[in-house]
Amino acid sequence: MPELPEVEVSRMGIEPHVLDQKVVAVVIRNKQLRWPIPDEVHLLVGSPITAVTRRAKYLMLESEKGSAILHLGMSGKLRIIDKAVPVEKHDHVDIEFENGLVLRLNDPRRFGAFLWQEAGQQHSLLLKLGPEPLTDEFDDKRLFEKSRNKTGPVKNFIMDNHVVVGVGNIYANESLFKAGIDPRRPAGKISKKRYQLLTEKIKETLALAIKQGGTTLKDFTQSDGNPGYFAQELLVYGRGGKACTNCESTLLEVKIGQRATVFCKGCQR
DNA sequence: CTTGTCACCTGAGCGC
DNA sequence: TGCGCTCAGGTGACAA
């Protein structure tokens with residue numbers, strides 16, 4: 001399900017309901033997510049949430065004791081609901097708050113994670129992450145320099161979390177189309193000028209997607225249960241075999257690094 | 001070091 | 001209806 005925009009939309013949806021709210025219970029129905037949920041997550045109980053933050057596609061519920069770290073994997077969804085709402089299939093975790101609301105994690109494929117980070121510590125998963133795409137730390141200079149000597153396709157390069165975080169399959173496809181770059185082109189052979197455009201398009205695409213409430217394909221919903229509307233803006237993702245919106249030629253679909261890749265042979269070089 | 005492949009898991013959609 | 005197959009928005013772990 002979620003790429004950075006969907007996670008950020010979830011964060012914004014959750015924050016007003018849980019900020020400064022004391023956690024009264026953490027209910028775990030199935031601890032077998034990508035990793036077993038550690039017992040330490042119960043340390044959240046009794047303290048108010050001091051912040052809801054995001055790093056890459058990880059969400060952090062912070063408290064004085066430490067932070068609960070949530071990752072939605074491919075199929076995870078978070079909802080803010082009343083405690084009385086009946087539990088459904090794949091509702092693995094509830095975080096209950098003093099105000100009677102519950103943050104409920106539903107994740108059919110269980111590629112998501114629910115982990116714990118001691119106050120003042122940095123979880124090992126977060127240590128090696130590259131810069132946030134929507135900050136000034138992510139710029140064309142960095143992209144260009146990191147790409148030298150890279151022989152693999154540029155699409156894999158921009159999806160590499162060491163290079164920049166939060167660019168998943170949808171937005172990699174979309175950004176490369178908007179920048180007019182063939183996703184198969186070796187990352188090390190792209191000019192600085194073209195990386196400048198790509199950097200702009202990545203930022204622009206992610207920012208627009210957040211504004212639209214994320215991309216609803218099958219099952220993404222915002223934390224209020226409403227869908228995101230960015231799917232209407234998709235120019236190439238999921239449109240293999242259809243006409244390019246720019247030149248009308250047929251969009252090609254190939255696999256790059258096991259992932260569906262759609263591009264226009266005419267517009268992307 | 002880099003690069004590529006596999007694995008984790010469930011559900012939807014398709015052809016037969 | 002049912003079976004078997006493929007595919008799906010992520011990413012750590014491992015092999016080469």
Side-chain angles (χ1 to χ4, degrees), chain A residues 1-10 29-37 54-59 69-78 88-92 105-115 123-130 133 145-176 183-189 202 205-206 209-210 212-222 227-241 253-262:
Chain A
M1 156 207 150
E3 295 195 30
L4 185 143
E6 292 72 45
V7 178
E8 179 61 18
V9 166
S10 295
R29 299 186 191 82
N30 184 352
K31 66 168 7 183
Q32 298 305 316
L33 300 186
R34 179 160 192 190
W35 297 281
I37 298 173
R54 178 187 59 72
R55 175 75 176 104
K57 295 170 191 165
Y58 297 94
L59 279 182
I69 302 178
L70 288 159
H71 194 288
L72 301 177
M74 290 278 263
S75 57
K77 264 186 297 188
L78 288 170
E88 292 173 25
K89 198 174 183 183
H90 307 305
D91 281 343
H92 306 310
L105 172 69
N106 180 287
D107 185 3
R109 294 178 73 181
R110 289 187 278 119
F111 289 171
F114 184 33
L115 301 167
H123 196 284
S124 58
L125 287 175
L126 306 181
L127 282 176
K128 290 178 181 172
L129 295 174
E145 285 169 6
K146 275 245 170 198
S147 69
R148 296 307 93 180
N149 303 322
K150 296 278 187 191
T151 55
V154 61
K155 177 163 180 263
N156 289 354
F157 177 66
I158 60 171
M159 291 177 71
D160 182 344
N161 278 340
H162 304 289
V163 175
V164 57
V165 300
V167 182
N169 199 34
I170 295 178
Y171 299 107
N173 277 298
E174 295 299 309
S175 302
L176 286 163
R184 303 166 299 181
R185 181 170 289 277
K189 291 192 171 175
I202 290 172
T205 306
L206 292 174
I210 291 170
Q212 302 275 7
T215 300
T216 293
L217 293 183
K218 296 188 195 67
D219 51 14
F220 174 72
T221 53
Q222 304 182 56
Y229 297 100
F230 191 72
Q232 300 162 19
E233 314 273 342
L234 296 177
L235 302 176
V236 288
Y237 183 84
R239 297 193 66 247
E253 181 153 354
V254 299
K255 288 270 185 207
I256 295 180
Q258 337 269 74
R259 312 298 297 274
T261 303
V262 186

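Quick note: numbers below take in every heavy atom, side chains included, and nothing from hydrogens, waters or symmetry partners.
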Roughly, in whole Å, what's the span from CE in Met159(A) to P in dT2(B)? 19 Å
Does dG12(C) have OP1 or OP2 under 4.0 Å away from a side-chain N or O of Lys57(A)? no
Would you say a side-chain N or O of His71(A) is under 4.0 Å from OP1 or OP2 of dG12(C)? no
Think Lys128(A) has a side-chain N or O under 4.0 angstrom from the OP1 or OP2 of dG12(C)? no
Residues passing the side-chain contact (heavy atoms from CB on, under 4.5 Å) test with Gln258(A), sequence neighbours excluded, are none
Separation of atom NZ in Lys150(A) from atom P in dT2(B), rounded to whole Å: 5 Å
Nearest-Å distance for atom pair CZ/C1', residues Phe111(A) and dC6(B): 12 Å
All heavy atoms of Arg55(A) vs all of Leu129(A), minimum pair found to be NH2-O, 3.3 Å
Could you work out the separation of dC1(B) and dT11(C) based on their P atoms and round it to a whole Å? 22 Å
Can you check the Asp107(A) CG to dT11(C) P distance for me, whole Å? 13 Å
Take atom P in dC6(B) and the same atom in dT6(C), then report the distance between them in whole Å. 14 Å
When you measure from the side chain of Tyr58(A), which nucleotide among dT10(B), dT2(B), dG12(C) comes out closest? dG12(C)
Which residues pass the salt bridge (charged side-chain N to carboxylate O under 4.0 Å, His left out) test with Arg109(A), sequence neighbours left out? none
Is the backbone of His92(A) close enough, under 3.5 Å, to the side chain of Arg110(A) for a donor and an acceptor to pair up by distance? no
Base-paired stretches in DNA chain C with three or more consecutive Watson-Crick or G-U pairs, both distances under 3.5 Å, amount to B:2-8 with C:10-16, B:10-16 with C:2-8
Keeping the roles fixed (side chain from Glu3(A), backbone from Asn169(A)), state whether a donor-acceptor pair exists under 3.5 Å. yes
Of the listed nucleotides (dG10(C), dG4(B), dT5(B)), which one gets closest to any side-chain atom of Gln258(A)? dT5(B)
Between NE2 of His90(A) and P of dG11(B) the distance, given in whole Å, is 4 Å
How many whole angstroms separate atom NZ of Lys89(A) from atom P of dA12(B)? 9 Å
d(CG, Asp160(A); P, dG12(C)) in whole Å: 10 Å
Same-atom distance (P) from dC14(C) to dC9(B), integer angstrom: 16 Å
Counting heavy atoms from C-beta on, name the nucleotide in dG12(C), dT11(C), dT10(B) closest to the side chain of Trp35(A). dG12(C)
Tell me which donor-acceptor pairs under 3.5 Å the side chains of residues 156-165 of chain A have, and how far apart each pair is, sequence neighbours excluded?
| residue | atom | partner | partner atom | Å |
| --- | --- | --- | --- | --- |
| Asp160(A) | OD1 | His162(A) | N | 2.8 |
| His162(A) | ND1 | Lys128(A) | O | 3.3 |

Between dG10(C), dT3(B), dG4(B), which nucleotide has the shortest distance from any of its atoms to the side chain of Thr151(A)? dT3(B)
Checking Gln232(A) now: which residues fulfil side-chain contact (heavy atoms from CB on, under 4.5 Å) with it, not counting sequence neighbours? Tyr229(A)
Base dC9(B) paired with Arg110(A) side chain (donor-acceptor, <3.5 Å): no
Side chain of Asn169(A), heavy atoms from C-beta onward: which of dG11(B), dG10(C), dT11(C) has the nearest atom to it? dG10(C)
Please state how far atom CD in Glu3(A) lies from atom C1' in dG10(C), giving the value in whole angstrom units. 9 Å
Could I get the full list of side-chain contact (heavy atoms from CB on, under 4.5 Å) partners for Thr205(A), not counting sequence neighbours? Tyr171(A), Glu174(A), Ser175(A), Lys178(A), Phe230(A)
Do Arg109(A) and dA8(C) share a donor-acceptor pair, side chain to base, under 3.5 Å? yes
